[in-house]
Amino acid sequence: MDAKRPPRRRTFAPLPCLLCAAGAAACAHGLALGAGSADLPGPGLWPALAGGGLALFSLPLVFPPAEGDGTRPPRATPDRRALIGLATAALLWIACLIPLGWAAATCAAVPVAARAAGNGGRAALRLTLVVLVLLGGISALAPLPEGLWLEALRGAG
């Protein structure tokens, strides 16, 4: 018998909502710190950009796509665990950026993102090194946050 199931309704997903809210909060906090200008970026520029990106890219996870009614081919959906891993890596980067600086935040977050995307340990290490070199080049053009611990060391010395 060819009985059709009714289409599944979209379900509410609380974890992506928390990720979206955390991204929006980080964006608001970064803007409160001051984004600066094009000539002199402020201390809140990178947290605002990263938080805005997290909020933007976690929005599609809030309501996962519903199953089709059988008349159209099913849409390919990304692996939820990988997307949550990538969003977690973004949160880790945001959380580590101000206290530890961009280099330490990148070393903590990029391997988490690479492993969540399905890469092996060696590939995650290579990707971390590539991202560090690219961000190092960017920091020569526009200063990236160095972290509170480095400022404390400079002040103590």
Side-chain angles (χ1 to χ4, degrees), residues 5-38 41-69 72-139 141-149:
R5 292 186 326 194
R8 185 181 70 152
R9 292 186 179 161
R10 293 178 181 252
T11 57
F12 178 73
L15 182 60
C17 285
L18 291 175
L19 291 173
C20 187
C27 184
H29 180 67
L31 292 175
L33 287 174
S37 65
L45 176 67
W46 294 105
L49 289 176
L54 177 63
L56 178 69
F57 290 114
S58 63
L59 273 178
L61 295 175
V62 172
F63 294 102
E67 289 180 7
D69 57 359
R72 291 183 289 176
R75 255 181 13 181
T77 58
D79 182 17
R80 230 177 140 71
R81 197 171 14 178
L83 288 175
I84 290 173
L86 292 173
T88 303
L91 276 177
L92 180 63
W93 192 80
I94 291 169
C96 293
L97 183 63
I98 297 299
L100 301 178
W102 68 269
T106 302
C107 287
V110 170
V112 172
R115 296 293 294 190
N119 294 314
R122 289 183 184 172
L125 178 64
R126 286 193 295 262
L127 182 62
T128 303
L129 292 174
V130 167
V131 171
L132 280 173
V133 168
L134 289 174
L135 283 177
I138 290 172
S139 71
L141 301 173
L144 295 171
E146 294 177 346
L148 299 175
W149 68 274

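Here the structure is a predicted model, which means the values were calculated and not measured. Here, residue 1 is the first one in the sequence, and each next residue gets the next number.
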Which pairs of donor and acceptor atoms, one on a side chain in residues 45-56, lie under 3.5 Å apart (sequence neighbours left out)?
none

*Taking side-chain contact (heavy atoms from CB on, under 4.5 Å) as the test, write out the residues that go with L33, two or more places apart.*
H29, P43

*Just how far is it from atom CG of L132 to atom CG of L127, taken to the nearest 0.5 Å?*
9.5 Å

Name the atoms and distances for all side-chain donor-acceptor pairs under 3.5 Å in residues 82-110, with sequence neighbours left out.
residue : atom : partner : partner atom : Å
T88     : OG1  : I84     : O            : 2.7
W93     : NE1  : T106    : OG1          : 3.2
T106    : OG1  : W102    : O            : 2.7

_Ignoring hydrogens, what is the shortest heavy-atom contact between T128 and A124? Give both atom names and the distance._
OG1-O, 2.7 Å

